[in-house]
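Below is one structure; the comments refer to it alone.
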Amino acid sequence: MKFKLKIWRQKNNQDKGAFKTYELDGVSSDMSFLEMIDVLNEQLIDKDEDPVHFDHDCREGICGMCSMYINGEPHGPLRGVTTCQLHMRSFQDGETITIEPWRAKAFPIVKDLAVDRSAFDRVIQAGGYVSVNTGGTPDANEIPIPKSVADEAFNAATCIGCGACVAACKNASAMLFVSAKVSQLSMLPQGQVERSERAEKMVAQMDEEGFGACTNTGACSAECPKGIDLSNIARMNREYLGAKVGSQS
Amino acid sequence: MSWLSDTLTSTIGRKLVMSLTGLFLIIFLVVHLAGNFQLLADDGGLAFNAYAKFMTSNPIIKFTSYGLYAFILIHIIMSIALAVKNKNARPVGYDKVKGSANSSFSSRNMGILGFIIFVFLVIHLRNFWYEMHWGSIPMDEAGNKDLYAVVNAAFAEWWYVAIYVACMVGLAFHLSHGFSSAFQTLGVNHSKYTPFIKKLGIVYAILIPAAFASIPVIMFFNS
Ligand code: HEM
Ligand code: SF4
Ligand code: FES
């Protein structure tokens with residue numbers, strides 16, 4: 001397969017950056033999108049040019065590092081996958097593919113397609129934890145949790161923090177990510193101690209980081225590789241507003 | 001009360017305000033529509049004029065109407081505040097965005113659709129509300145201001161009716177997302193009720209604006 005790649009190149013955070021177009025031939029339809037860029041980068045290195053910087057780690061859809069905005073959608077056209085799980089067979093031979101970094105004030109560009117997502121880490125640090133007793137290891141299944149609740153909490157917990165929700169959102173809102181992290185703990189007995197404080201603190205940190213507000217477009221959930229549901233956002237709104245009204249200070 | 005201002009200026013709090021004011025406007029539209037239907041009564045506007053007089057003089061209605069003005073203003077101001085915040089959250093945009101792949105047209109264009117409603121409101125309030133309150137309108141047979149005649153004259157112009165209908169289409173799209181969105185913002189998302197709320201939102205968004213638009217269209221063809 002042959003492609004024309006229109007890729008965002010930006011030396012560092014201060015650089016203005018611009019698109020650069022590359023022709024790439026001899027791409028196998030079975031290559032993953034990242035492998036395709038690897039091939040491009042080998043050619044660039046051979047020509048003594050700076051390779052395209054992009055984040056990646058597991059290459060099996062679980063780490064959430066491979067952030068790329070491909071042809072107008074985070075992680076490209078395929079639903080429910082990250083960029084590393086996207087294959088070139090999802091594209092037309094000869095197609096022009098536009099590749100951009102996540103665009104959000106809270107995700108500053110490090111270089112080319114690599115962005116700094118530590119804003120997510122700070123949101124987690126603000127409240128994404130639970131208190132546990134020290135001492136012996138508790139028995140598994142000591143605390144009874146209904147299967148439906150466990151499933152819901154688990155679904156929320158599958159969020160890999162990739163940032164596609166922010167990238168997809170027209171407001172660069174982080175509501176889906178934060179709501180998944182709030183939900184995963186607020187539904188379980190272990191998460192009750194910090195429950196109301198958690199919602200307040202994580203939302204405050206989310207705002208502090210400069211993410212936008214939610215217009216309920218649903219773009220985040222549609223583009224989320226883990227299919228995190230919008231009901232999590234409604235739950236976070238309940239948790240947050242309830243906490244604000246009910247808390248002591 | 002700093003917790004309250006903290007809450008209402010947070011992103012979720014601002015959306016709460018959008019949602020509550022929006023829902024109030026949704027209820028208001030039903031009441032307003034019921035009143036407007038009197039324009040179609042075959043009595044030369046007597047019932048409508050009496051109703052208009054009641055709506056501008058009854059103290060309870062007056063009090064509610066101040067709330068309405070405030071809510072519309074708050075809804076608009078908050079939407080601008082949110083738009084600014086959202087724009088700042090993404091200072092550099094994308095080159096290529098495929099919004100239709102993941103979201104509805106209305107949901108992506110709430111601001112533009114709202115602006116269409118705003119333009120409508122300005123025209124509408126100037127022509128009818130302002131005239132009723134401060135204009136010099138002749139009296140009808142029953143001694144009430146003949147607002148019906150003012151409305152009838154406006155709706156005899158094809159371009160006025162066209163603008164009216166076009167704005168109602170804008171309102172329909174605004175509400176096709178806004179109705180269910182308001183519930184989601186309030187945290188009402190439930191496997192039993194949300195599918196119903198979404199359907200009701202679509203029915204409302206089609207029925208109410210269509211009914212509003214039908215009045216000038218019928219009056220135009222009757223004139
Ligand atoms: C001057 C006219 C208006 C403007 C500028 C406007 C603007 C907006 C904007 C920008 C939003 C989206 C906010 C966001 O999600 O971030 C919105 C939401 C909404 N609007 Fe309006 N609007 C106007 C009039 C109306 C009217 C007349 C109604 C009702 C009859 C209405 C009902 C709603 C509802 C229910 C929402 C959803 C709230 C939510 O998502 O929580 N709006 N409006
Ligand atoms: S909610 Fe989905 S899109 Fe957002 S960070 Fe988590 S996994 Fe990624
Ligand atoms: S590289 Fe880990 S999810 Fe793609």
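In this text the structure is predicted, and so the values were computed from the model without any measurement. Proteins get letters first, then strands, A, B, ... in listed order; numbering begins at 1 in each. Hydrogens, waters and symmetry mates are skipped; everything else that's a heavy atom, side chains included, is used.
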ask   = Where along residues 87-97 of chain A does a heavy atom come under 4.5 Å of chain B, listed by residue number?
value = none
For [X], is it the side chain, the backbone, both, or neither that has a heavy atom closer than 4.5 Å to a heavy atom of chain B?
X: A/C169; result: backbone
X: A/F19; result: side chain
X: A/S231; result: both
X: A/F211; result: backbone
X: A/I233; result: both
X: A/A204; result: neither

key: Options B/K85, B/K98, B/R90, B/R14, ranked by heavy-atom pairs under 4.5 Å with chain A, top entry   = B/R90
Short side-chain donor-acceptor distance under 3.5 Å, [Y] and [X]:
X: A/R195; Y: A/Q192; answer: yes
X: B/H177; Y: B/S107; answer: no
X: B/Q184; Y: B/N189; answer: yes

ask   = What pairs with B/I60 under side-chain contact (heavy atoms from CB on, under 4.5 Å), at least two apart in sequence or on another chain?
value = B/N58, B/T64
remark   = Honestly, the part of B/D95 sitting under 4.5 Å from a heavy atom of chain A is both
inquiry  = Applying the ring-ring contact (aromatic ring centres under 6.0 Å, His included) criterion to B/F155, which one of B/F220, B/Y164, B/F221 satisfies it?
reply    = B/Y164
query = Hey, is the main chain of A/I228 close enough, under 3.5 Å, to the side chain of A/S221 for a donor-acceptor pair?
reply = yes
